[in-house]
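First up is the structure itself, then whatever we jot down about it.
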Amino acid sequence: MVSTKRKLIAMLNPKSPVSEQYRTIRTNIQFSAVDREIRSLMVTSSGPGEGKSTTAANIAIVFAQQGKSVLLVDADMRKPTVHYTFSMNNAYGLTNVLTRQMRINEAAKVSNLEGLDVLTSGPIPPNPAELLSSNAMKQFFEEAGVQYDLVIFDTPPILAVTDAQVLANQCDGTILVVSSGKADVENVKKTKELLEAANAKTLGVVLNNKKMANNDYYYYYGV
């Protein structure tokens with residue numbers, strides 16, 4: 001199991017080479033938004049275990065470190081992990097907001113980093129895809145857009161379920177995380193096709209777990 005320190009490396013070890021790579025990802029996201037401001041970002045992968053949740057968390061951290069007000073949302077309502085990463089209670093969260101039991105400001109949890117709030121998934125619902133495509137989700141985007149500079153969604157893998165495809169065309173940008181040496185090339189191609197079919201605004205790809213000569217693991221961003 002990956003330690004919390006490694007998962008939240010941009011917060012706990014901001015001077016590390018990996019943290020610098022996350023800041024490079026942040027810069028490239030900002031460069032990709034020359035003509036339009038990125039206010040909502042979806043992070044996904046083709047399959048499980050490729051590091052999308054770790055990537056989403058650290059991207060959220062480096063944007064908050066830049067002075068942005070950021071909301072990290074665990075939109076993986078089937079196998080949520082963000083509450084583990086941040087050592088938070090998951091008794092309530094996104095599910096409660098989308099079923100109109102709570103407002104965003106009631107359900108979002110304050111992290112240990114100024115400017116970063118976390119909305120965990122909440123109770124696992126029987127119908128995640130329906131919730132993500134509901135009118136309540138549209139209202140969520142409107143309300144979160146007023147309260148935060150940037151909303152980052154950690155979503156399920158594209159090939160596993162339809163949830164991420166449902167959310168893709170609602171976000172201003174999508175980042176695809178690919179694990180070096182683990183991701184299947186054909187699956188990555190199929191993921192790209194599904195994102196295109198969903199009218200996702202794919203900004204680029206993060207190559208995760210690429211081992212370098214000095215034995216550090218880097219995260220690369222590329223279009």
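Keep in mind that this is a model prediction, so the values were computed, not measured. All residue numbers in this chain count up from 1 along the given sequence.
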Next on the checklist: Count I, L, V, M, F, W, Y as connected when their side-chain heavy atoms are under 4.5 Å apart, and connections chain through other members. Are L12 and V82 then in the same cluster?
Outcome noted: yes
Next on the checklist: If hydrophobic clusters are built from ILVMFWY residues whose side chains come within less than 4.5 Å, do Y92 and Y84 share one?
Outcome noted: no
Item to check | The single option from D74, N96, N90, D76 passing side-chain hydrogen bond (donor to acceptor under 3.5 Å, both in side chains) against S121 | outcome: N90
Checklist entry - Salt bridge or not for D154 and K52, using N-O below 4.0 Å? => result yes
Next on the checklist: Salt bridge check, E196 against K192: does any charged N sit closer than 4.0 Å to a carboxylate O?
Outcome noted: yes
Looking at [X] and [Y], what are the two nearest heavy atoms and their distance?
X	Y	result
E50	S179	OE1-N, 2.8 Å
S19	I9	OG-O, 3.1 Å
Q165	A198	O-CB, 3.7 Å
D117	V110	OD1-CA, 3.7 Å
D163	A129	OD1-CB, 3.7 Å
P156	T44	O-OG1, 2.9 Å

Does [X], at its [atom1] atom, have more than 12 non-hydrogen atoms belonging to other residues, nucleotides or ligands within less than 6.0 Å?
X	atom1	value
N127	CG	yes
K68	NZ	no
R103	CZ	no
E114	CD	no

Checklist entry - For K190 and S46, what are the C-alpha separation, side-chain angles and deciding distance, and is it a side-chain hydrogen bond (donor to acceptor under 3.5 Å, both in side chains)? => result CA-CA 8 Å; K190 187 175 181 181; S46 58; over 6 Å; no
Checklist outcome for this item: Between V43 and the options T155, L72, T54, V177, the side-chain contact (heavy atoms from CB on, under 4.5 Å) test singles out V177
What is the distance from atom [atom1] of [X] to atom [atom2] of [Y], rounded to the nearest 0.5 Å?
X	Y	atom1	atom2	result
K201	S40	NZ	OG	8.0 Å
I175	L203	CD1	CG	4.5 Å
R23	Q66	CZ	CD	11.0 Å
D172	R39	CG	CZ	8.5 Å
L8	I61	CG	CD1	4.5 Å
L150	E37	CG	CD	9.0 Å

Checklist entry - Heavy atoms, side chains only, cut-off 4.5 Å: are P80 and I124 in contact? => result yes
Checklist entry - Does the side chain of I29 come within less than 4.5 Å of R26's, by heavy atoms? => result no
Checklist entry - Residues in salt bridge (Lys or Arg N to Asp or Glu O under 4.0 Å) with E193, at least two apart? => result none
Item to check | Donor-acceptor contact below 3.5 Å, side chain S45 vs main chain P157 | outcome: no
Checklist entry - Is the side chain of S111 donor-acceptor paired with the backbone N or O of L116 at a distance under 3.5 Å, no angle test? => result yes
Next on the checklist: Under a 3.5 Å cutoff, is there a donor and acceptor pairing between the side chains of Q139 and E143?
Outcome noted: yes
Next on the checklist: Please determine whether side-chain contact (heavy atoms from CB on, under 4.5 Å) holds for the pair V118 and T120, giving the CA-CA distance in whole Å, both sets of side-chain angles, and the decisive distance to 0.1 Å.
Outcome noted: CA-CA 6 Å; V118 177; T120 61; 4.2 Å; yes
Next on the checklist: Taking the cut-offs as 6.0 angstrom to the six-membered ring centre and 45 degrees off its axis, would you call K7 and F86 a cation-pi pair?
Outcome noted: no
Checklist entry - Taking ILVMFWY side chains as joined if any heavy atoms are under 4.5 angstrom apart, and letting links pass through other members, which residues group with V166? => result M42, L71, V73, M77, L94, V97, L98, I104, L119, L131, L132, M137, F140, F141, Y148, V151, F153, I158, L159, L167, L194, L195
